[in-house]
Amino acid sequence: MIRFENVTKVYDQKARPALDSINLEIDRGEFAFLVGASGSGKSTFLRLVLKEDRASSGAVYVAGQNVANISSWRVPRLRRGIGVVFQDFRLLPQKTVFANVAFAMQVIGKSRSVIRDTVPEVLKTVGLEGKENRLPHELSGGEQQRVAIARAVVNRPGILLADEPTGNLDPTTSMGIMGVLDKINQNGTTVVMATHDDDIVNEMRKRVVELRNGVIIRDEAKALYTSMIPVVGASRRLRDASGREPEPAAATRSEARAEARAAGEAQL
Amino acid sequence: MRLQFVLAEIASGLRRNLSMVVSVILVTFVSLTFVGAAGMLQLQINQMKGYWYDKVQVAIFLCSDGSTAAGCATGPATPEQQENLGKLLESPAVAQYVNDFQFESKDDAYKHFKEQFSNSPIVDSVTPDQLPASFRINMKDPEKYQIISETFSSQAGVETVIDQRQLLERLFSVMNAASLVAVSVAGVMIVCAILLIATTIRLSAFSRRRETGIMRLVGASKMVIQLPFILEGVIAAVIGAGLASATLWAVAHFFLGGYLSQQYPDTAFISAGQTLILAPALIGLGVLLAGVSSLLTLRRYLKV
Ligand SMILES: Nc1ncnc2c1ncn2[C@@H]1O[C@H](COP(=O)(O)OP(=O)(O)OP(=O)(O)O)[C@@H](O)[C@H]1O
Ligand SMILES: [Mg+2]
């Protein structure tokens, strides 16, 4: 579904590349975490998938198509096949929940009756039934993020990109959001999520792609936030700094998370 | 749905940017009024040229009922006198200077007069008898007017020989200079209008960057994203052009038609209706201004 072939992205000739010879394939229906320190190139990766930026070299394939060959007037069609969620929700403050989600359908010319049918359905999927007429400032952060997710998937994209979607949320709320994303993934949507949230990654046990300084240093299935296998000497220090050897407190916390996630999915 | 969406976006954009929109309307209004004033002067020049101006240079008027000139002591020109004048014009001595000439009878004169003064009240009080018949001469060399004048002024039945170009050309050069001034002022104002439209659209794009950002992400087409901004500018410019057209109409109707034509009854003025042919040109120009400046602005500030 998403394939990077030897992709390098250089923003600034003087600095190191933001992405350096990345080779990666994410299959249809997969759920992958992109992890790595700040500045490691996670957002850059997502921007290249969206053709928000062009790769300096190498090829980015989305749904089998090299995005470099998509002419600018066809880029909108590429983006209709990709939903995006951000840390800061990016809702329109004057519009209600319903209108925010409907907006994504209006601007691509969906008819009013289709919108009337689809939006409530999607709002139900993300667990926002009965909150259609609220304004964003009348919602909690987690609820706002659910609106953003609803907007991202309302046009049934094959891919959902999430850039630190839980960055502004507390752990329990985050797990609720993860439940929503998991559900969307189980419906067949490929999900790629950039995150710093170690607890979530550890909880979900999905594929983890770890970037450092624009290079993939780890790509593991059903993995943890930090590697079980020591990779390079320098990474050991890093791991130790944020390391999470199971300790009693963490164990109970993780149990609480599991409950919250189950609750999040139960709402679906 | 998409159309409705675009219309709603335009309405909200116009509302949010009301003061800028009003200034765009005023600037296009003033600049297009100057453009239109230049156009109106040209229309007026054409009106004053009348039927013969571009075709001939010299007119030999024959004596008519009311003529008081010395050569007309014997009353209106007789058919023989008219025939003799025709022969004289064809004689080799004169013909070498003449390209071509035409005889304008009293009835022809009346017809042409009615056309030229169709907007004046004077047209109702004139009859064919009052208008002199004439020979209209297209010169090989307009500078040789003197020769014709000397040859014909003393002929029996000739009231007067005039070089009609000389009469009007001074006036026309003043009017042409005035059009040029109007066009120059309009040029400066149009630059203002373009810059102001660009600024307005930039502000508008900035104040709606949240919406447009989301539209981009969910895959709205370039047209759906940009059209509201372009149309905002175009609508403001069209309103300005409409005001300019209305102003020109009012000037023609109240000033030319109502005042000047009373003061100068023997001058042919354009009618208010004639200024309306300028309106489509002004509106077209307004649309072009707004369209071009918004396209240039959006290319820079609203990447898709
Ligand atoms: N538009 C840009 N212009 C220049 N440099 C940029 C640009 N965007 C990102 N970079 C640089 O590219 C590198 C990777 O940035 P990126 O945003 O992809 O990191 P990230 O992994 O998403 O970090 P974070 O976790 O903090 O969001 C950084 O060094 C950053 O400074
Ligand atoms: Mg980032």
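Atoms considered below: every heavy atom in the structure, side chains included; atoms not considered: hydrogens, waters and symmetry mates.
Across all their heavy atoms, B:Val218 and A:Ala104 have their closest contact at CG1-CB, 3.7 Å. Between B:Ser221 and A:Pro76, the shortest heavy-atom contact is CA-CG, 3.9 Å.
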After noting the C-alpha distance and the side-chain angles of A:Leu50 and B:Leu217, does the key distance pass the side-chain contact (heavy atoms from CB on, under 4.5 Å) rule?
CA-CA 8 Å; A:Leu50 281 168; B:Leu217 279 179; 4.1 Å; yes
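For A:Ile82, the part lying near chain B is the backbone, with the side chain staying farther off; criterion is any non-hydrogen pair under 4.5 Å.
Within 6.0 Å of OH on A:Tyr11 lie more than 12 heavy atoms contributed by other residues, nucleotides or ligands. More than 12 heavy atoms of other residues, nucleotides or ligands sit less than 6.0 Å from atom CZ of B:Arg16. The local environment of CZ in B:Phe117 is crowded, with over 12 non-hydrogen atoms from other residues, nucleotides or ligands closer than 6.0 Å. Heavy atoms of other residues, nucleotides or ligands lying less than 6.0 angstrom from CD of A:Gln13 number 12 at most.
Residues of residues 135-144 of chain A lying within less than 4.5 angstrom of chain B, judged on heavy atoms, are absent. Residues from residues 92-103 of chain A that place a non-hydrogen atom less than 4.5 Å from a non-hydrogen atom of chain B comprise A:Leu92, A:Pro93, A:Gln94, A:Phe103, given in numerical order.
Applying the salt bridge (charged side-chain N to carboxylate O under 4.0 Å, His left out) test to residues at least two apart or on different chains, none of the pairs has a partner in residues 273-289 of chain B. Screening residues 149-161 of chain A for side chain to side chain donor-acceptor pair (under 3.5 Å), with sequence neighbours left out, gives A:Glu121-A:Arg156.
Taken to the nearest 0.5 Å, the CD atom of A:Gln106 stands 9.5 Å off from the CE atom of B:Met215.
One N or O on the side chain of B:Arg210 and one on the backbone of A:Leu91 form a donor-acceptor pair closer than 3.5 Å.
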